[in-house]
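Shown next, in structure tokens, is the structure this report addresses.
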Amino acid sequence: MPPSPRVRFAPSPTGHLHIGGARTAIYNWAFARHQGGTFVLRIEDTDPERSTRENTDAIIRAMEWLGLDFDEGPGVGGPYGPYFQTQRTQTYVEALDRLKRAGAAYPCFCTPEVLEAKRTTARERGGFAGYDRTCRTLDPDEAHQRIARGEPHVWRLKVPLDRGDIVFNDAVRGEVVFQSSQVDDLVLVRTDSTPTYNFAVTIDDATMRISHVIRGDDHLSNTPKQILIYEALGEPIPTFAHLSMIWGPDGKRLSKRHGATSVEAYREQGYLPEALVNYLALLGWSLDGETTIFSREVLKEHFSLERVSRNPAIFDVEKLDWINGTYLREMSPSDFAQHMMPWLQDAGLTTIDDYATRPDWYHTLAPRVAERVKRLCDAPALVEFLFRDTIELEPSSVSKALLSGDARSALRAAQAALTSLEVWRSQEIETCLRGLAERLAVKPKIVFQAVRVAVTGSVVSLPLFESLELLGQDRTAERIRAALEALDSDRNPADAASEPYAR
RNA sequence: GGCCCGUUCGUCUAGCGGUUAGGACACCGCCCUCUCAAGGCGGAGAUCACGGGUUCGAAUCCCGUACGGGCUACCA
């Protein structure tokens, strides 16, 4: 039985958790959970300019929100820590020492300017533009003296010249072959003695005993370099799995231009974590080609790298919206109400105390709203009329439903009928208004739309009878009164559509 | 420039030598209906990037070409 797999997600805290990063994290998490392995979170904070503590915290919070629990990492610790690269310098120093002792690394004194010049000419000639290995053949004694004199230098990997093809079996791409002659003697440690990215990840993955490296496609070309480092160190080479990129709708790299790119931004718009995970999981993986809605549980039960697709995917908010909507509609009334409350409060419509006072009222409202929103942030606009003291009548709705003589008289009659209604329940309200239409000999719709606009301000609203029930008899009467007054104060109804009707 | 990776309906995908190329989102139509949604039913939409092979047979295997992407830093 093979040892249980160890995988890691290694974001750099130079910003919030990106959608693409989140998907990588999801796949790593799902793989680990499916296999009964270990999921580690490692923070690649070696870029001091851009890395911040706030970003690290935000990334961890986003992962928690998504439900991606990790077994080792910041906060939870683990046997292979520390889990911040900036705290692992000793490990890199030791690794470089091992390489030096094994004769697999050598100092290079070439200046950046010289290197730049070499690169340019090499590229102009066409073909391979890697480092020409000048310092590789330096006399060891001379090199020592120059180091002793304090001459600036970097440490490079001494790539074996007779290595031949570097072949590895990528878990999603299949066999990938690089010629080792295409890999130059890359820099491992910089002049300021900090490790380069390729050196640091490899050392970290090796010392943390990572068995499967599941990461973005952009690292595919780095893989042969890293394999060479593993070999120089005599460490076992993990299985690699390279995930395709996520693109914006225009087929370009996903960026702010395309709208929200961070997990946090989606949370703020009222997307549910299970919906985001579901959608992102689907962006490059499929359960069976048929199933589109599945829980985290199902994901970890079925996830496999074999079913990860190789082609890049375009981020489609519309499908995310649909998935989010289905999750929203599946919620119980009280669950939905509780999720909706923060948005209503932020919009200044209500308070948590009000919810505590009359939970049933909110639970009646909840499913009517859930059926009509894609995101929680859409909720306030739908229910606003239930909370405000006065509403604005939408001019175009007024001209559609209130300007005809029939509509006006229907509204007037409705006011009277509703005011004298004895039982204020949607069922009775409906019966009342239908009866009214019959008596007036107008289509029921005329009455309904007139009342709807008077009460909600718009020709489009939540279901009318339930809305009236929730609004209450007195407030309903007041709304209709106000609407009639607004209409009457208009001497020239033809201008109505351009009037504000503030009431 | 060099080296790698990718290419199935608008989008996400199923397919792993023989299918009327399946599903989902979006779109269109009908039904339901107090508006909007939700839901139900149906429809349109893919010469499987292109060109060569291999094979009785190719979306599936091989080779090119085109297009897109990545790496090619003392960035990560």
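Order of the sequence lines sets the chain letters (A, B, ...), proteins ahead of strands, with each chain counted from 1.
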Base, sugar-phosphate, or nothing for [X], non-hydrogen atoms under 4.0 angstrom?
{"X": "Thr46(A)", "answer": "sugar-phosphate"}
{"X": "Val447(A)", "answer": "nothing"}
{"X": "Thr191(A)", "answer": "base"}
{"X": "Arg307(A)", "answer": "sugar-phosphate"}
{"X": "Val183(A)", "answer": "nothing"}

Between the side chains of [Y] and [X], is the shortest nitrogen-to-carboxylate-oxygen separation below 4.0 Å, so that they form an ion pair?
{"X": "Lys443(A)", "Y": "Asp406(A)", "answer": "no"}
{"X": "Asp250(A)", "Y": "Arg257(A)", "answer": "yes"}
{"X": "Asp184(A)", "Y": "Arg156(A)", "answer": "no"}

Provide the Watson-Crick or G-U wobble partner of [N], both distances under 3.5 Å; none if there is no partner.
{"N": "A44(B)", "result": "none"}
{"N": "C25(B)", "result": "G10(B)"}
{"N": "U60(B)", "result": "none"}
{"N": "C3(B)", "result": "G70(B)"}
{"N": "U65(B)", "result": "A49(B)"}
{"N": "U33(B)", "result": "none"}

With sequence neighbours left out, write down each residue that passes side-chain hydrogen bond (donor to acceptor under 3.5 Å, both in side chains) with Glu231(A), or none if nothing qualifies.
Arg163(A)
What's the closest nucleotide to the side chain of Gln182(A) if the choices are C3(B), G22(B), C74(B)?
C3(B)
If you find the nucleotide of RNA chain B closest to Ser244(A) and the one closest to Thr292(A), which residue's nucleotide is nearer the 5' end?
Ser244(A)
Earlier contact from the 5' end, RNA chain B, for Asp47(A) and Glu318(A)
Glu318(A)
Is there side-chain contact between Phe84(A) and Pro74(A), with at least one heavy-atom pair below 4.5 Å?
yes
Does Asn169(A) reach the side chain of Thr239(A), with side-chain heavy atoms less than 4.5 Å apart?
no
Atom [atom1], compared across [N] and [M]: separation rounded to whole Å:
{"N": "U33(B)", "M": "C48(B)", "atom1": "P", "answer": "45 Å"}
{"N": "A37(B)", "M": "G45(B)", "atom1": "C1'", "answer": "26 Å"}
{"N": "A73(B)", "M": "G6(B)", "atom1": "P", "answer": "23 Å"}
{"N": "G51(B)", "M": "A58(B)", "atom1": "C1'", "answer": "15 Å"}
{"N": "G22(B)", "M": "G2(B)", "atom1": "P", "answer": "41 Å"}
{"N": "C3(B)", "M": "U20(B)", "atom1": "P", "answer": "43 Å"}
{"N": "G68(B)", "M": "G29(B)", "atom1": "P", "answer": "37 Å"}
{"N": "G15(B)", "M": "C56(B)", "atom1": "C1'", "answer": "22 Å"}

Pick from Arg23(A), Arg310(A), Arg173(A): which one makes a salt bridge (Lys or Arg N to Asp or Glu O under 4.0 Å) with Asp217(A)?
Arg173(A)
Separation of atom [atom1] in [X] from atom [atom2] in [N], rounded to whole Å:
{"X": "Ile314(A)", "N": "G6(B)", "atom1": "CD1", "atom2": "P", "answer": "18 Å"}
{"X": "Phe199(A)", "N": "C74(B)", "atom1": "CZ", "atom2": "P", "answer": "15 Å"}
{"X": "Tyr327(A)", "N": "C25(B)", "atom1": "OH", "atom2": "P", "answer": "14 Å"}
{"X": "Ile43(A)", "N": "A76(B)", "atom1": "CD1", "atom2": "P", "answer": "16 Å"}
{"X": "Arg310(A)", "N": "U8(B)", "atom1": "CZ", "atom2": "C1'", "answer": "12 Å"}
{"X": "Ile293(A)", "N": "G23(B)", "atom1": "CD1", "atom2": "C1'", "answer": "13 Å"}
{"X": "His302(A)", "N": "A14(B)", "atom1": "NE2", "atom2": "C1'", "answer": "16 Å"}
{"X": "Asp316(A)", "N": "C25(B)", "atom1": "CG", "atom2": "P", "answer": "11 Å"}

Indicate every side-chain donor-acceptor pair of residues 175-182 of chain A with a distance under 3.5 Å to a residue at least two apart or in another chain.
unit_1	atom_1	unit_2	atom_2	d
Ser180(A)	OG	Gly164(A)	N	3.3
Ser180(A)	OG	Gly164(A)	O	2.8

Does the protein touch nucleotides 66-72 of chain B at the base, only the backbone, or not at all? Give it as B, S and - per nucleotide, heavy atoms under 4.0 Å.
--SSBSS
Protein-to-nucleotide contact annotation, 5' to 3' order, nucleotides 33-40 of chain B [B base; S sugar-phosphate only; - none; under 4.0 Å, heavy atom]
-BBBBSS-
Between Lys118(A) and Thr134(A), does any side-chain donor sit less than 3.5 Å from a side-chain acceptor?
yes
Distance-only polar pair, side chains of Asp45(A) and Gln85(A), donor-acceptor under 3.5 Å
no
Qualifying ring-ring contact (aromatic ring centres under 6.0 Å, His included) pairs with a residue from residues 237-261 of chain A, counting only residues at least two apart or across chains
Phe168(A)-Phe240(A)
Of all pairs that satisfy side chain to side chain donor-acceptor pair (under 3.5 Å), the ones with a partner from residues 447-456 of chain A, not counting sequence neighbours
Gln449(A)-Arg452(A), Arg452(A)-Ser461(A)
Check: Lys319(A) side chain, A26(B) base, donor-acceptor under 3.5 Å:
no
Just N and O in the side chain of Thr196(A): are any of them under 4.0 Å from OP1 or OP2 of C74(B)?
no
